[in-house]
Amino acid sequence: MRARLDVCLRAVNEVLLGKQSQVRLAMACLLARGHLLVEDLPGMGKTTLSHALAKVMGLDFQRIQFTSDLLPGDILGTSVFDKDSGQFVFHPGPIFAELVLADEINRATPKSQSALLEAMEEGQVTIEGATRPLPEPFFVVATQNPVSSGGTFALPESQLDRFLMRLSLGYPAKAAEKALLLGDSRRDLLLRLQPQMDHAGLAAIQEAVSEVRVSDALVDYVLRLVEATRTQPQFAWGLSPRGSLALLAAARAWAFIEGREYVIPEDVQAVLPSVVGHRLRERADASGHGGGALVQWLLREVPAL
């Protein structure tokens, strides 16, 4: 299983150059059965990352472009009257895909945002009184522009908490950007990508990830991290139990990608910024972007042993 997973990672890295760490984090998010939020400027490769993951993992892919006039029905689907049968027929929306790219999610109104986030939380949607399950696997990659951009609606804390991870791709290194400029078009590379995983293989890996061993000492380390967020004065609020579960699930996935059947403190530290950065805020910070400094404080001040 790990050999096939390594092939998938290499294939994505051939398309998204110089972002090996972010690709591994995105893969860990998928293996942990979470959802991913990618926050960055336009043109950084957010769409390329999600499309490449869908191709190599053999997942059905749909992209939803979030705009201010997007309606919940545009996401979930709607029923249309069929004159031949004399009945309303449900036409599923793009949410009924295995990997959904919610592009620029913070450009839609809160009502449309909530339609997507409710589906992420429940794994199903209820439309016109009928409950319809979403596919399995189901992985949402949402992208958003920085909140300083015009025409954006910032996601509230309760909705940010639905994402297992938040990451940023950032500018490429000079060597990677040179290779990007001299190489083939990313669109052409995506078209040439072949599936390296099937649904059964992905399900088996996700099950194996959930069985990665965690010692009492490792759980105590996670609890010390969580307790620090709840007791230290610089934190506006502490991590919820959902946050601690997310941290442990992501650490399990990272350990599996690293080739181990057990979690070590370095696994927790590797995923900590992406898992808790969007869940924390400094008490004196009104912008909601103080999570990075708080994560560094946790890594520096909370001992692993």
Side-chain angles (χ1 to χ4, degrees), residues 18-32 34-41 44 46 49 105-106 141-148 154-171 214 217-258 263-305:
K19 300 299 176 185
Q20 288 85 354
S21 178
Q22 291 92 332
V23 169
R24 288 166 75 87
L25 285 167
M27 183 67 76
C29 189
L30 171 60
L31 298 183
H35 301 290
L36 178 65
L37 179 64
V38 186
E39 181 178 274
D40 219 322
L41 295 168
M44 291 294 192
K46 302 186 293 293
L49 170 62
I105 187 175
N106 59 339
V141 179
T143 74
Q144 67 173 359
N145 297 315
V147 294
S148 58
L155 296 176
E157 291 79 10
S158 60
Q159 294 184 355
L160 284 173
D161 196 48
R162 308 287 177 89
F163 292 96
L164 180 71
M165 291 185 184
R166 181 184 69 178
L167 58 85
S168 174
L169 297 177
Y171 293 111
V214 177
L218 192 284
V219 171
D220 288 340
Y221 175 45
V222 171
L223 290 174
R224 285 196 298 274
L225 291 167
V226 173
E227 182 66 18
T229 69
R230 298 173 182 174
T231 59
Q232 295 302 311
Q234 65 267 45
F235 293 85
W237 52 74
L239 287 173
S240 67
R242 180 191 288 169
S244 58
L245 288 169
L247 183 56
L248 202 56
R252 278 190 164 108
W254 189 266
F256 185 89
I257 291 173
E258 290 290 309
V263 180
I264 60 176
E266 285 77 4
D267 299 322
V268 177
Q269 294 161 2
V271 300
L272 185 70
S274 298
V275 174
V276 309
H278 60 293
R279 293 179 162 94
L280 299 176
R281 179 182 296 180
E282 288 191 67
R283 189 177 297 274
D285 178 32
S287 69
H289 283 263
L294 294 174
V295 168
Q296 294 306 312
W297 184 92
L298 289 171
L299 292 171
R300 185 177 62 252
E301 299 295 334
V302 180
L305 299 175

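Between the CZ atom of Phe163 and the CD atom of Gln144 there is a distance of 7.5 Å, given to the nearest 0.5 Å. Summarising the geometry, atom CG belonging to Leu160 is positioned 11.5 Å from atom CG belonging to Leu280; distances are rounded to the nearest 0.5 Å. Atom CG of Leu167 and atom CG of Leu36 lie 5.0 Å apart (nearest 0.5 Å). Atom-to-atom distance recorded for Glu39:CD and Arg166:CZ is 5.0 Å, nearest 0.5 angstrom. Here Arg279 contributes atom CZ and Leu247 contributes atom CG; the two are 9.0 Å apart, rounded to the nearest 0.5 Å. A distance of 8.5 Å separates CE in Met44 from CG in Leu169, rounded to the nearest 0.5 Å.
When all heavy atoms of Cys29 and His35 are compared, the closest pair comes out as SG-O, 3.3 Å. Smallest separation of non-hydrogen atoms from Leu164 and Ala246: CD1-CB, 3.3 Å. Contact between Val271 and Ala251 at its shortest, heavy atoms only, is CG2-N, 3.9 Å. Nearest heavy-atom pair across Ser274 and Leu25 is OG-CD1, 3.4 Å. Closest approach of Arg283 to Pro233, counting heavy atoms only: NE-O, 2.8 Å. Between Ala32 and Ala249, the closest heavy-atom pair is CB-O, 3.8 Å.
Remark: Arg252 engages no residue in a salt bridge (Lys or Arg N to Asp or Glu O under 4.0 Å) (not counting sequence neighbours).
The shortest side-chain heavy-atom distance between Phe256 and Met27 does not fall under the 4.5 Å cut-off. Contact annotation: the side chain of Val141 never approaches that of Leu49 to less than 4.5 Å [non-hydrogen atoms, C-beta and beyond]. Put simply, the side chain of Glu258 does not reach to within 4.5 Å of the side chain of Glu266, judged on heavy atoms.
Within the 3.5 Å criterion, the main-chain N or O of Leu41 finds a donor-acceptor partner in the side chain of Lys46.
Listed by first and then second residue, the side-chain hydrogen bond (donor to acceptor under 3.5 Å, both in side chains) pairs involving residues 226-245 are Glu121-Arg242, Asp161-Arg242 (not counting sequence neighbours).
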Report task. Test Trp254 against Val268 for side chain to side chain contact (heavy atoms under 4.5 Å, CB included), laying out the working first. Result -> CA-CA 8 Å; Trp254 189 266; Val268 177; over 6 Å; no
Requested in this report: Just do the side chain to side chain contact (heavy atoms under 4.5 Å, CB included) check on Asp267 and Leu218 with the steps written out, would you?
Outcome: CA-CA 10 Å; Asp267 299 322; Leu218 192 284; over 6 Å; no
